[in-house]
Structure formats: structure tokens, C-alpha cells
Protein chains: 2
Amino acid sequence: MSEKITIYDIAKKLNITAATVSRALNNNPKIKESTRELVIKTAASMNYKQNKLALALKSGRSNNIGVIVPRIDSNFFASVIRGIEEELHPHGYQVIICQTHESAKRENENLYTLIDAQVDGIIMSVTDVTDENDGAFRYVLEKNVPLIFFDRSKHIDGVSSVTINDFKGGYLATKHLINEGCQTIAHFSGDQSFDIFKNRFLGYKQALLDSGMTFKEEYVIHTKSSVEAGKEAVDKLLQMKTPPDAIFSSSDFAALGAIQELKERNISIPKEFCVAGFSNEPFTKFMELSITSVDQSSLEMGKMSARVFLEQVDKTDTIKIEKKVVLAPELHIRKSSSRTNF
Amino acid sequence: MSEKITIYDIAKKLNITAATVSRALNNNPKIKESTRELVIKTAASMNYKQNKLALALKSGRSNNIGVIVPRIDSNFFASVIRGIEEELHPHGYQVIICQTHESAKRENENLYTLIDAQVDGIIMSVTDVTDENDGAFRYVLEKNVPLIFFDRSKHIDGVSSVTINDFKGGYLATKHLINEGCQTIAHFSGDQSFDIFKNRFLGYKQALLDSGMTFKEEYVIHTKSSVEAGKEAVDKLLQMKTPPDAIFSSSDFAALGAIQELKERNISIPKEFCVAGFSNEPFTKFMELSITSVDQSSLEMGKMSARVFLEQVDKTDTIKIEKKVVLAPELHIRKSSSRTNF
DNA sequence: GATAATTATGTAATCGATTACACGAAAGTA
DNA sequence: TACTTTCGTGTAATCGATTACATAATTATC
């Protein structure tokens, strides 16, 4: 095993002190050019590598940033993380991943662990809207560690966020269905305690009203984000006296379930029934019957979150700036809802 | 901003030394029970948190592990990372993510960065089989940092690996196509310089030979792992004098492209033509025409890699044990190839 | 050539925790 | 009572790098 070379080893070899070596390697101006060159050359020949842990302890900055997500094996979260990593890598930051599996307890635990590991910032998508973790969030803010929410956000003073305009996304999708001539549009809403789902719902509602259509509560079905939930919801809808002829689902997975169930019942899509989803999951465009969906620009969301972090990380002493970035959603129209284009 | 509480602060408050505080908090036996309790109580009341960086510097262990993958926004890699995180989290390790985007240069850079950040181990899927990075790999091994390859592996002494039996996967898929009555089976092979793709090909070949079928080079098409590549490959195959009536693709994406192109040409699947892929990407089972695919047990691969790391991390002084774990692949038979089951 | 100004280097503290060694106090033994 | 154990705590070095301050070496100025 190779010995660990420190600046002391270099100093000893050159009969100078570690301070001089440190200065030479850090481009400190108060150093003779010849010594600088000698030190740098010697350091290279001895295969010296700076110990980042020592530096981190001294400076109080670990050059690590923590990212907390419900789970990593979802295309959306993975893309966001990709964006974060790509934006932060050139700045010398490493990305530490934590998963919560939608458990407030684990979220809490992860927050404490990351702070204790001295991360320089935390970017996260919250798991639950309960206030259970307020202590942990306060702990983060007390330590003056930049905290940025993406997608699923909470209203906390001093916390920045990067989200998309979910209202507009819901509005666009619904308006599109109306334009395709759909008469009665149902909505699969997610957990309304999350802003993102609430806003998608509000956008849906507004689009109906703006087009002079009537909004009826019974066409709004609470579903989980799963294929199974989508199937069950369709089953429920089709039992109504006046079933709808379109669905705007706040989840692509539920939209897929809906489509599968509709096909099962030999209802022709998009002729008799139109479906639009949300998230633009990769599979939506792979399907033979590709699915219309609202894109969340996940990669960009990650990059933007990283940029907000970079803006804040060096200004810990100034007044904390709370930045709210809202990205524009983009509707991808595909076969599941387009009666004209395909 | 809350002051950072150190063991010195606790010591001062109690009129004892930091050494005693440290001993009390670490369950050192040489300490009076009453002082221990007092220290622990005081530490809690002052909201003391151990500085992990100081600990890391002292102990030489960062409790971080590095994971290097080509990209994170692919279901396979994300699942593996999920497995690694879940297995290592209970042991107090944090997972640092690095991406290479298939660039040997970035892989090299990531290896050095991780070692310089003093990670306790590295789990990775190699990007390229060139020897360009041998220096970096040697550097890792010299530092006695456990290195574990998963999926895409390289033959390096002292490096453990966790892979699936790609040969068997290729064999199973091909054998299945034969059992379905296919007469001429083509193969989409990936980059043959990777063992995983070579072995899938060899499994395919062996299955043909074992069934008394003739292997012909011209039915093997080199494709990238993309939908487009699959389409082009089908185009090529259908121009042959005797086109095949089945494809075993080493990539699910290429398999999807093949299916799209076949449908375009009104060739009925699976009646006239069967297709099987590899990886069991989520979309393969979502399709209306679901795709037969070989599952790579990605979650388990991640967990197993983490376990191998744990086995090795504490035995740096003993002889380095090189462990090679090979997981069993599992064929998921679906509509794209099953003439009987559906 | 003597003094002031500049430049390069050394000394030592610091970041926060752990731990070998030393030492005083209490308890045990004769 | 005198001497040996045992126990609990303090002292100080250590992990590796940075940096304010002090000092030595060099150059500039008259």
C-alpha cells in the first residue's frame, strides 16, 4: 500500500516547512517563484494528493451536497439528480444521495445525517407535508446550510424552491382535451396535500370554467400514482350515469392504467375517449398508443436547483435570499388524445 | 446561526477535559458511571452533534462510498444505486454518485476525485474497456480502497465483481424463441468489447447449436442500445434472401425499435415474428404488446455489491480477497414472443 | 555603508475528535 | 500504617492542511 504523502513529507524532503509547501501549492503570492516551482515539481514526483478531509475540517466546507428524494429509481428523480450532478461537478461538488421511501421519519433522519456530515447544502423533494420534521428543517436553517426544494415544496421562510408551473400544466392539458372536442373531462388527482397535485387540479378546473364547461366534483377521482389505481378509477367512472369521454390524469402511471382498462372494454382511443397524463415518463412515448403528457423538464429542474444552491452557498453572511423559480411546463401531444394530428 | 457545539464546550461547562467527554460519549469503560451520565445529559441539552469531518480525519474513514455509473437516469443504474443505498444506509455509509457519460476521461477523473475525497470504497460499472485508466485503477488499489465492479466488469487482480450470468440469459432467451417454433433467429449484439454483450452473444450461439440449428454470422447485427438502431437493424434483416423470423436483442430499446419497425410493415407479432430483449426495462411490461425480456435483478445486484464492499472494508490488512458473484438471470416471457401463453 | 522597505520563510495556533501515557485518588492487602 | 492495585481523569500528541504573526533574508534608498 502506498504511503500517504502529506505536505510535511514534501517539506522534510526539501528542508523547508509545511507552511511554505502549503503556500506554494495554493498560489499564495508571498513566495519565491523558484521555491514554488520546486515544491510543485517535488509534489508531483512524490505523487502528492491533498487530503480533502483535512481541508474540509479546517475550512468547514465538505464540498459535498446532499440530495434527498423519495426514491431514486424513478425516471423523474433520477433525471433531476442527473441535472444536479452535471451542474455541480464542474464546481468540485460531490452529490450524496438519500432516499426516504415517502417516510417522514427517514426524511428527518436523512436531514440530520447530512448536516452532521457537514454537507454544504441540501436539495430535496419533500416527502410529506406533515409538520413532523419542522425541527429538522429548523436545524438545517440554523446551521446556515442552503436548503432548496424542488418539485414537491413546503412553505418555509428562507428556503428556496424550483418547481414547474403545475397549474399551467393542468390547464394546458385540459384545454387541449377540450380543443379535441371532449365534452366531459374527468380528473385523476393525486394527494391534494401536495401543492403540485393541488395546482394541477386547479389548472384543470380553471380550464373547464374558462371554456364555459361545468365543473363537477364527482368527475374528480383521488388516485395513487399507479397503473392499478388508474384501472380502478376508470371502472368507477364508467359506472356513472353520464360517464366522461376524457381524463386528465395527474400521473402518467394512472393514465396508463386508464388506457389499459379502456382498451379492455373495447373503447376506442382517441376516437371515443381521450387521455392525457403528467410527467412525460419515457414509456409514454414508447407505447404503440403513445400517451399525451405534460413534461416537467426534470433535467432542467435539477440544473436550476443546483444553480440556486451555487448562488446561495457563498453568501451565508448576507441576508438570506429566498428564491422561487418556476419553470414552464410543456405539453407533449400524442396519440392518446389527438384526433387530428395522427 | 447556532454556535457549533464541540466536546470542548461540554468540557468547559462541566469543568472537565475534552478527553473525558470523548470517553463518556464513546462508551469507553474507564469512566465513572456518574460522569458518563452527566456528560451524556449535558451533551444532549447543549444539542451537541459529533463533527464527522474531524472524526473522518482522525480515523481516516469518511463513511462515504463512491458509485460511478455511465449515467444515473437509466432504470438499470438507478435501481442498482437504490440497492446500494438501501444496503449501506443502515451501516452509516453515505453514497456519492458520479457519472461518466461513457467517457474514459471522466471515469478516470471520477476515480481520482473519489479517492482524494477519501471514500471508503468504490462500486462501479466500467465505461470503457480501454486500458487508458489503468493508472487510476492502480491508484485505487494502492490506497487499499475496496473496488467492486458490477454489470460491466474488467479483469483486474484484487477487484471483486457482481454480475449476472449473461451467457445464461442469452441462452434462455434464445432457447425460448426456439421452443416457440422460430426457425431463424437473429441477434442484435451490443459492443462486443464488453463481456456482458459478448456473453449474451455466446449464450445465443450455444442455444442454437444445442438445438441443432445452424449459426450464421450474417444474422448477428451490431446495434447500439437505441430504438433507432433497432429499426435500422430490422430494415437490414428484412432485405436478406432468407429473413429471420425472430430476434434476440441484447437491448430492450433495440428490441422496441425492432417491434415498431415490424408493425410498420404489418408483420404480425408474435404470430409471424418473435422478439425478445434484455434488461427488463419497465416499459417492456407496460406496452400493449409487452416485450419478453431477461431480467438483470438490478436491485439485488446493487445490494450484493454493497455486501461485498462491507465484507472487504474491514479487512484491509489481510490478504485481499477477490470475490466474483454471479447472479442468475430470469427470463420474463411476454406477448412479443409467446405464441401459446397469451 | 547604514537604514528602511520589501519579500520570503518559519513558528505555532487552529479546525474537532481520539487515545497512549502519566498521574493522583481511592480501595484493597498485609 | 505502609504498600500495592485499581480506577478515573488529565496532558499532550495526532490526523493534514491553512494562516496570522513573527522573524530572517534580501533589496531599495539616501
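Letters go in sequence order (proteins before strands), and every chain restarts at 1.
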For this session: Side-chain contact test, heavy atoms from C-beta onward, threshold under 4.5 Å: evaluate it for F149(B) versus I156(B) and give yes or no.
Result: yes

For a quick check of understanding: with a heavy-atom distance under 4.0 Å over all strands, which category does [X] fall into, base, sugar-phosphate or nothing?
X      : result
T20(B) : sugar-phosphate
T6(B)  : sugar-phosphate
N26(B) : sugar-phosphate
I31(B) : sugar-phosphate
K52(B) : nothing
K30(A) : base
S22(B) : base
I16(B) : sugar-phosphate
L57(B) : base

Under 4.0 Å between a side-chain nitrogen and a carboxylate oxygen: does that hold for [X] and [Y]?
X       : Y       : result
E85(B)  : R71(A)  : no
R82(A)  : E86(A)  : yes
R106(B) : E109(B) : no
E107(A) : K105(A) : no

Let me know the distance between [atom1] of [X] and [atom2] of [N], rounded to the nearest Å.
X       : N       : atom1 : atom2 : value
N15(A)  : dG10(C) : CG    : C1'   : 13 Å
Y8(B)   : dA17(C) : OH    : C1'   : 6 Å
E37(B)  : dG8(D)  : CD    : C1'   : 15 Å
I7(A)   : dC15(D) : CD1   : C1'   : 12 Å
L25(A)  : dA17(D) : CG    : C1'   : 10 Å
L53(A)  : dT18(C) : CG    : P     : 15 Å
D116(B) : dG16(D) : CG    : P     : 14 Å
K4(A)   : dA17(D) : NZ    : C1'   : 14 Å

Problem set entry | R36(B) (side chain) and dG8(D) (base): donor-acceptor pair under 3.5 Å | no

For this session: Could you tell me whether the side chain of K58(A) has a donor or acceptor atom within less than 3.5 Å of a complementary atom in the base of dT14(C)?
Result: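 Yes, a donor-acceptor pair under 3.5 Å.
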
For this session: Select from T35(A) and L55(B) the residue whose nearest nucleotide in DNA chain C is closer to the 5' end of that strand.
Result: T35(A)

Exercise. N51(B) has a side chain; which of dG16(C), dT11(C), dG10(D) sits nearest to it?
Worked result: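 The listed nucleotide nearest to N51(B)'s side chain is dG16(C).
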
For this session: Check whether the ring centres of F309(A) and F150(A) lie less than 6.0 Å apart, and answer yes or no.
Result: no

Problem set entry | Upstream residue (5' side of DNA chain D) when P29(B) and A18(A) are each assigned their closest nucleotide |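 Per heavy-atom nearest nucleotide, the more 5' residue is P29(B).
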
Problem set entry | OP1 or OP2 of dT18(C) under 4.0 Å from side-chain N/O of Q50(B) |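 Answer is yes, contact under 4.0 Å.
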
